[in-house]
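Just below is one structure, and these are the notes that go with it.
Side chains included, hydrogens not; waters and symmetry mates left out as well; all remaining heavy atoms used.
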Amino acid sequence: MPALRPAAKGAALLLLAAGLTACSVLAVSGDRTPISDRPAVRPPKQVLLSASQRLDDAGGARVQVVQEGPAGRRAADGTLAWGARDAAELTVTDELGTGRLHGQDGALELGYPGAAPRTAERGRAESLDPRAAASGATGWAGGWITGLLSNPGGPAHTMALAGRLTPLGGEQLNGGTVAHYRGTASVADYYGAEEGLSPARLTELLGYYERAGVETLDYEFWVAPGDRLLRVRSTVRGTAGAVVTTTDIAADGEGGAEPGAEPVAEPGAEPSAGPSAGASAYPSGVPSSAPSAGRTP
């Protein structure tokens with residue numbers, strides 16, 4: 001076979017190099033390519049599912065929660081564990097003052113200084129809510145206590161399956177650039193995608209939100225590189241007004257962001273709307289004046 005002339009040989013090497021480069025980019029897994037330090041574009045659904053799975057696999061986190069609405073402001077701070085451990089140690093500030101919410105293997109205890117602690121099983125968590133006690137409700141009371149005890153990654157998973165997702169650009173949070181997403185779903189679509197709900201329980205929840213005048217659920221998510229979910233915001237609008245809850249999430253032992261602190265948008269990024277809000281597997285914050293229905297899952 002005759003040897004290639006210099007010009008033909010150079011062209012062949014150029015084609016070979018181009019082919020190897022294309023193959024190397026296509027074969028890369030993860031969110032970065034070897035020829036660029038910029039994140040590759042990933043669908044919001046993929047990001048949220050990965051972030052929720054990462055948090056689920058972690059088995060626990062430190063959370064800071066702030067809820068604001070027509071009935072006032074509430075806050076909580078502490079650690080959660082889910083899965084095999086199923087535990088919670090939270091400081092809760094509400095209408096009765098500052099108390100301690102302890103959970104272990106489905107048994108709950110909420111105590112305030114100078115008062116005997118109240119206890120409940122996880123399935124009756126809402127009975128510990130002071131607003132439920134004040135109204136005489138014995139069932140679902142809006143989801144505040146249930147939300148405090150739930151894996152905060154739950155809404156990211158459910159909204160990824162059920163909601164309309166919108167990327168809002170990059171923002172600064174906790175000293176780094178994070179991706180900001182919004183998800184919106186009807187109450188029926190959201191809870192229809194929630195795993196583990198019996199048909200009877202689903203009917204109870206849908207009826208509760210209908211009576212409260214809630215038609216849609218709005219969530220925002222802040223996800224750091226490595227699919228680390230750092231903040232979740234929920235906004236629930238009903239006939240009595242809007243309730244907004246923020247849950248800031250950190251690995252157990254790390255400090256979280258200041259609850260309610262607004263992320264600083266990068267130049268050109270779309271600003272986030274509304275006050276801080278938060279996370280729970282079942283959105284907390286239905287106005288307390290709404291009638292309660294059913295039992296917690």
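Separating the OG1 atom in Thr158 from the CD atom in Glu194 is a distance of 4.0 Å, to the nearest 0.5 Å. For the atom pair CG of Leu161 and CD of Glu195, the computed distance is 7.0 Å after rounding to the nearest 0.5 Å. Taking CZ of Arg228 as the reference point, atom OG of Ser50 lies at 14.0 Å (rounded to 0.5 Å). The line from CE of Met159 to NZ of Lys45 is 13.0 Å long, rounded to the nearest 0.5 Å. Atom NE2 in His180 sits 3.5 Å away from atom CD in Glu220 (nearest 0.5 Å). Separating the OG1 atom in Thr119 from the CG atom in Leu128 is a distance of 7.5 Å, to the nearest 0.5 Å.
Taking the side chain as every heavy atom from C-beta outward, Asp94 and Tyr112 approach each other to under 4.5 Å. Side-chain contact check for Leu149 versus Leu101: some heavy-atom pair is nearer than 4.5 Å. Looking at Leu206 and Glu210, their side chains never come closer than 4.5 Å, going by heavy atoms from C-beta outward. Taking 4.5 Å as the limit, some side-chain heavy atom of Thr166 sits within range of a side-chain heavy atom of Arg164. Using a 4.5 Å heavy-atom cutoff, the side chains of Leu80 and Leu90 are in contact. Proximity of Leu229 to Arg54: side-chain heavy atoms (C-beta onward) are nowhere separated by under 4.5 Å. Contact check for Ile249 versus Leu230: no side-chain heavy atoms found under the 4.5 Å cut-off. A heavy-atom distance below 4.5 Å is found between the side chains of Trp144 and Val92.
Not counting sequence neighbours, Ala58 has no partner by the side-chain contact (heavy atoms from CB on, under 4.5 Å) test. Every salt bridge (charged side-chain N to carboxylate O under 4.0 Å, His left out) that Asp77 has, sequence neighbours left out, goes to Arg62.
Across Ala125 and Thr146, no two heavy atoms sit closer than the pair CB-OG1, 4.1 Å. The shortest heavy-atom contact between Gly238 and Val214 is CA-CG2, 3.9 Å. When all heavy atoms of Glu126 and Ala132 are compared, the pair lying nearest together is O-CB, 3.5 Å. Residues Gly153 and Ser52 approach most closely at O-CB, 3.4 Å, considering heavy atoms. Across all their heavy atoms, Ala51 and Val223 have their closest contact at CB-CG1, 4.2 Å. The minimum heavy-atom distance linking Ala193 with Ala162 is given by the pair CB-CB, 3.7 Å.
Here the side chain of Gln67 pairs no donor or acceptor atom with the backbone of Val243 at under 3.5 angstrom. Here the side chain of Trp82 pairs a donor or acceptor atom with the backbone of Asp56 at under 3.5 angstrom. No donor-acceptor pair closer than 3.5 Å links the side chain of Glu215 to the backbone N or O of Ser186. For the pair Arg182 (side chain) and Leu168 (backbone), a donor-acceptor distance under 3.5 Å is absent.
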Under the side-chain contact (heavy atoms from CB on, under 4.5 Å) criterion, do Arg42 and Asp227 qualify, and how do the steps go?
-> CA-CA 11 Å; Arg42 299 168 64 201; Asp227 294 333; 2.9 Å; yes

Worked check of side chain to side chain donor-acceptor pair (under 3.5 Å) between Thr93 and Arg74 = CA-CA 6 Å; Thr93 301; Arg74 290 172 157 186; over 6 Å; no

From CA spacing to verdict: side-chain contact (heavy atoms from CB on, under 4.5 Å), Tyr190, Tyr219 | CA-CA 11 Å; Tyr190 184 89; Tyr219 272 100; 3.9 Å; yes

Step by step, work out the side-chain contact (heavy atoms from CB on, under 4.5 Å) result for Asp86 and Arg122.
-> CA-CA 10 Å; Asp86 185 23; Arg122 179 177 283 272; 2.7 Å; yes

Could you walk me through whether Thr98 and Thr91 pass the side-chain contact (heavy atoms from CB on, under 4.5 Å) test, one step at a time?
-> CA-CA 7 Å; Thr98 299; Thr91 300; 3.5 Å; yes

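Glu89 and Thr79 form no side-chain donor-acceptor contact under 3.5 Å, judged by distance and modelled atom types alone. Looking at Thr247 and Arg231, their side chains never bring a donor and an acceptor atom within 3.5 Å of each other. There is no side-chain donor-acceptor pair under 3.5 Å between Thr177 and Glu171.
Asp218 and Arg237 are joined by a salt bridge, as a carboxylate oxygen and a charged side-chain nitrogen come within less than 4.0 angstrom of each other.
Gln46 CD: more than 12 foreign heavy atoms inside a 6.0 Å radius.
Under a hydrophobic clustering in which Ile, Leu, Val, Met, Phe, Trp and Tyr are joined whenever their side-chain heavy atoms come within less than 4.5 Å, directly or via other members, Trp222 and Leu49 fall into different clusters.
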